[in-house]
Structures are given as C-alpha cells and as structure tokens.
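Shown next, in structure tokens, is the structure this report addresses.
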Amino acid sequence: MGRGRVQLKRIENKINRQVTFSKRRTGLLKKAHEISVLCDAEVALIFFSHKGKLFEYSTNACMEKILERHERYSYAERQLVATDLDSQGNWTLEYNRLKAKVELLQRNHRHYLGEDLDSVSLKELQNLEQQIDTALKLIRERKNHLMYQSISELQIKLYPIG
C-alpha cells in the first residue's frame, strides 16, 4: 500500500525541509543514474540547496561535455528563433553563450587549481587527475627538450668544430 499524494508547497519547518531535501536529492540522483543505465542516455543533473551548495550528477560523459553539447543545441535553437529578432537580440544571445562558456572555463580553472572540489564526483576527480598528469607529462617533455637544446647550443659554442 503506497502513500497518498503529497501536497506540493514549501515545507515551513526548517528541519523537515532539510530532511526532505536530502531524501529527495538521493532519490533524484538514483533516478538519474537509472535512466542513464536503462536507456543509455547521457544525463547531467545540477541543482543548488537553499544555502547555495552545488549538487551535480553526470553519466560517464563528463559534465563539461554534456553542458557544452547542451549549449551547442540550445544556441543553434536560439539562432533559429533569433533570425526574426533584430541584431541587438543576436548580440544578447551571443553574450549569454559566451558568458556560460566563461563560467564553465572558470569552474574548470578552479578545479585545475584544486579549488571548489567538494561537489565533484569521484569519476570527475579521476578524469581531472588524468588531465593534470597528461599536462604535467607534456610540460616535462617540453622542458627537457629546451634543456637539451640549450646544452647542445652551449657545447657548440664551447667546442666549435673546425
């Protein structure tokens, strides 16, 4: 026997509201995972608590890729609608698109600096670690190349052939 329908209105009791938020958040994350597995769908879920804490979930594809894909689709859709608007409207859409991209880049930058990692999932942390390891490897390769090049130039100056 199931429960009756819950009346949708703000819960006034602060403790009950927090408990409900926590339980429903867990349920929502579970449903997002289920639909991603059952339907092989890419899912991204973002929400904020009343205190402003960020909660997010994304499937195997990382959150940034899903958000970029969403931005491309919504931007293309807005462009179709914007053909009827004046050029000022197009600038507004472009501004909003670029603003969203800047916010995403700033978020990624904070993550690369090791900041604001509380809301990042284990899979995203592993992905971030792999990106940093790859970048570090490339930096070391470039540094070593420049050092060897510098040593070669110094050897030629010190011991000229001829």
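Every value quoted in this text rests on a predicted model; they were computed, and no experiment measured them.
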field: Atom of Ile66, atom of Val43 and distance for their closest heavy-atom approach
entry: CD1-O, 3.5 Å
query: Do you know which two heavy atoms are closest between Met63 and Ser58, and how far apart they sit?
result: N-OG, 3.6 Å
query: Has the side chain of His111 got a donor or acceptor atom that lies under 3.5 Å from a matching backbone atom of Leu117?
result: no
query: Any side-chain heavy atom of Leu54 sitting closer than 4.5 Å to one from Glu56?
result: yes
Over 12 non-hydrogen atoms of neighbours within 6.0 angstrom of CG in Asp40: no
Name every donor-acceptor pair, under 3.5 Å, that has one atom in a side chain of residues 126-142 and the other anywhere in the protein, sequence neighbours excluded.
{"unit_1": "Gln131", "atom_1": "OE1", "unit_2": "Tyr112", "atom_2": "OH", "d": "2.7"}
{"unit_1": "Thr134", "atom_1": "OG1", "unit_2": "Gln130", "atom_2": "O", "d": "2.9"}

query: Judged by atom type as modelled, is there a donor-acceptor pair below 3.5 Å linking the side chain of Glu124 to the main-chain atoms of Ser121?
result: yes
message: So, taking the atom named OH in Tyr148 and the one named CD in Gln155, what distance separates them when rounded to the nearest 0.5 Å?
response: 11.5 Å
task: Evaluate the side-chain contact (heavy atoms from CB on, under 4.5 Å) criterion for residues Ser49 and Phe55: first the C-alpha distance (whole Å), next the side-chain angles of each, then the deciding distance (0.1 Å), finally the verdict.
output: CA-CA 8 Å; Ser49 70; Phe55 294 93; 3.9 Å; yes
- request: Go through Glu64 and Arg107 one step at a time and tell me if the salt bridge (charged side-chain N to carboxylate O under 4.0 Å, His left out) criterion holds.
  value: CA-CA 10 Å; Glu64 288 81 14; Arg107 181 172 162 251; 3.4 Å; yes
query: Do Glu42 and Arg69 pass the salt bridge (charged side-chain N to carboxylate O under 4.0 Å, His left out) test, and can you show the C-alpha distance, the side-chain angles, and the key distance before you say yes or no?
result: CA-CA 10 Å; Glu42 289 184 13; Arg69 185 174 173 193; 3.1 Å; yes
field: Residue pair Gln18 / Lys14, side-chain heavy-atom distance below 4.5 Å
entry: no
message: Applying salt bridge (charged side-chain N to carboxylate O under 4.0 Å, His left out) to Glu68 and Lys65, what does each step give before you reach the verdict?
response: CA-CA 5 Å; Glu68 286 173 9; Lys65 288 180 183 176; over 6 Å; no
- prompt: Is Ile46 reachable from Val120 through a run of hydrophobic residues whose side-chain heavy atoms are each under 4.5 Å from the next?
  reply: no
query: How far apart are the closest heavy atoms of Ala32 and Leu45, and which atoms are they?
result: CB-CD2, 4.1 Å
- prompt: Stepwise, does the ring-ring contact (aromatic ring centres under 6.0 Å, His included) test hold for Tyr57 with Phe47?
  reply: CA-CA 9 Å; Tyr57 168 83; Phe47 55 99; over 10 Å; no
query: Distance-only, no hydrogens or angles: does the Arg110 side chain make a donor-acceptor pair with backbone N or O of Glu115 under 3.5 Å?
result: no
query: Got Glu71 and Leu67 here, is their nearest side-chain heavy-atom distance under 4.5 Å?
result: no
field: Trace of the side-chain contact (heavy atoms from CB on, under 4.5 Å) decision for Arg25 with Ser22
entry: CA-CA 5 Å; Arg25 179 190 69 219; Ser22 180; 3.7 Å; yes
field: Straight-line distance of Lys123 NZ to Thr59 OG1, nearest 0.5 Å
entry: 9.0 Å
- prompt: Where the side chain of Thr20 meets the backbone of Asn16, is there a donor-acceptor pair that is under 3.5 Å apart?
  reply: yes
task: Kindly check if the number of other-residue, nucleotide or ligand heavy atoms within 6.0 Å of CG (Leu125) is above 12?
output: yes
- prompt: Just by modelled atom types, is the His33 backbone N or O under 3.5 Å from a matching donor or acceptor in the Ser36 side chain?
  reply: yes
task: Give, for atom CD of Glu153 and atom CD1 of Ile151, the distance between the pair rounded to the nearest 0.5 Å.
output: 10.5 Å
- prompt: Out of curiosity, Ser152 OG to Gln149 CD, how far, rounded to the nearest 0.5 Å?
  reply: 7.5 Å
